[in-house]
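Numbers for residues simply follow the sequence, beginning at 1. Computed from a predicted model, the values in this text were never measured in an experiment.
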Amino acid sequence: MPATVVVGAQWGDEGKGKIVDLLAQQSDLVCRYQGGPNAGHTIVIGDETFKIRQIPTGILNRKPCVIGNGCVIDPEVLIEELDRFEALGYPTDEVHVSGNAHLIMPWHVAIDQASERRLGKLQIGTTKRGVGPAYADKASRIGIRVQDVLDPKILRQKIEVALAEKNVWLERIYEVEPFDLEEVASRYEEYAQRLRPYIGDTSLIVDEALRAGRDVLFEGAQATLLDLDHGTYPFVTSSNPTAAGAAIGTGIGPTRIDTVIGVAKAYVTRVGEGPFPSEIEGPEHDRVRELGGEYGTVTGRGRRCGWLDLVALRYAVRVNGIDRLALTKLDVLSHFAEIPVCVRYRLPDGTETEHFPAHQSDFHAARPVYETLAGWDDDLDGCASVAELPDTARAYVDFVERELDVAVTLVGTGAERESVLTRA
């Protein structure tokens, strides 16, 4: 059962899209198992840069793609992507959307935006694209699913029932304009006409592929430390990006998963609010941000940058069962004379630990304990394998591997599709 999950091992933006794109070239089916269009993958192929929000990265390799039941879908975004890829010559007839996935409705976006405004300094830092409210309605069992667009009567009825409640909230609680039933129903019926050919039983599609011995690749959005259960709550997403979410989010059993590949930057970034022990202070922060192009794929927001955090990464290995690690953006650290790496946290009581704190209050007050490694002043473009890296760059990779007790099998040295080194 050749099933591989690629999971972000930090706070997202690790370059998962590039690794998935690389692995998709040898895969038969690529599945996205959670998340919405608030997160995206950036893929550089030659002179072209693709920013993908909803469709699995396998589309660029012309592979069949599945958007699983664990996702929430903004139909306008999905249709725009389908049209864009078709215009570029990429066929979309093998894009399959789970009928059990939930739709992001316009009131979800409005509530997301208004809720963040009301929270003020306590805001979570969402992308305000309606993802959280859509998942909240799913959990409350009042969501509208993709399969509902197959029946115009059911779709209109569900929109009418939802607006009877949501408009009251929008007007009285958030003091924003309500939505008109006729306008929403008409717009979503147009979306329905476009989406109907793509809707199917994706759990069955994935199962049949695995039973036939085909290579199936699972990709998530966001990452481990943004997981609803295992992330730095409440500064998390509203679903489960961790590897176990691949089984739930596509409708297969956990025993079907063979390999989990974690993806981590050679440093670390996060977007939005929340504690960040290894966050860089001073001019080196902006230098890392600019060298790494650390701006959101979807939002354009500048990311907060920090030195590599092995405490958090060790935690990611544990909760995902990571077998192998891809270390990306090693080139960004070139030209730093010294590179701090966080190896432990100092807790409020003065003790130090290599393990991620189980309690939020400890994590919020944790301070990094660094080990400083020698940097390098060499361009990595000419390296054909990890063995050809400059000695100190290779020592950096070996240090990460040794500390985590997980093989680093891929190393990213640039934005381009080809800029990934193997151990060979």
Under a 4.0 Å threshold between the charged nitrogen and the carboxylate oxygen, would [Y] count as salt-bridged to [X]?
X: Glu81; Y: Arg194; answer: no
X: Lys166; Y: Asp137; answer: yes
X: Glu183; Y: Arg187; answer: yes
X: Arg304; Y: Glu281; answer: no
X: Glu294; Y: Lys265; answer: yes
X: Glu403; Y: Arg314; answer: yes

Listed once per pair and sorted, the salt bridge (charged side-chain N to carboxylate O under 4.0 Å, His left out) pairs that draw on residues 54-80, sequence neighbours left out
none
Under a 3.5 Å cutoff, is there a donor and acceptor pairing between the side chains of [X] and [Y]?
X: Thr224; Y: Asn320; result: yes
X: Glu86; Y: Thr92; result: yes
X: Asp331; Y: Thr413; result: no
X: Gln26; Y: Asp215; result: no

Is the backbone N or O of [Y] less than 3.5 Å from a side-chain atom of [X], with the two atoms forming a donor-acceptor pair by type?
X: Arg32; Y: Gln34; result: yes
X: His285; Y: Cys305; result: yes
X: Ser98; Y: Asn100; result: yes

Taking the ring centre of each residue, are [X] and [Y] less than 6.0 Å apart?
X: Phe276; Y: Trp11; answer: yes
X: Tyr174; Y: Trp107; answer: no
X: Tyr188; Y: Tyr191; answer: yes

Among Ile67, Val66, Val95, Leu29, which residue meets the side chain to side chain contact (heavy atoms under 4.5 Å, CB included) test with Pro56?
Ile67
If you count every heavy atom of other residues, nucleotides or ligands that lies below 6.0 Å from Asp93 atom CG, does the total exceed 12?
yes
For Arg156 and Glu182, what are the C-alpha separation, side-chain angles and deciding distance, and is it a salt bridge (Lys or Arg N to Asp or Glu O under 4.0 Å)?
CA-CA 9 Å; Arg156 180 186 174 86; Glu182 297 301 329; 2.5 Å; yes
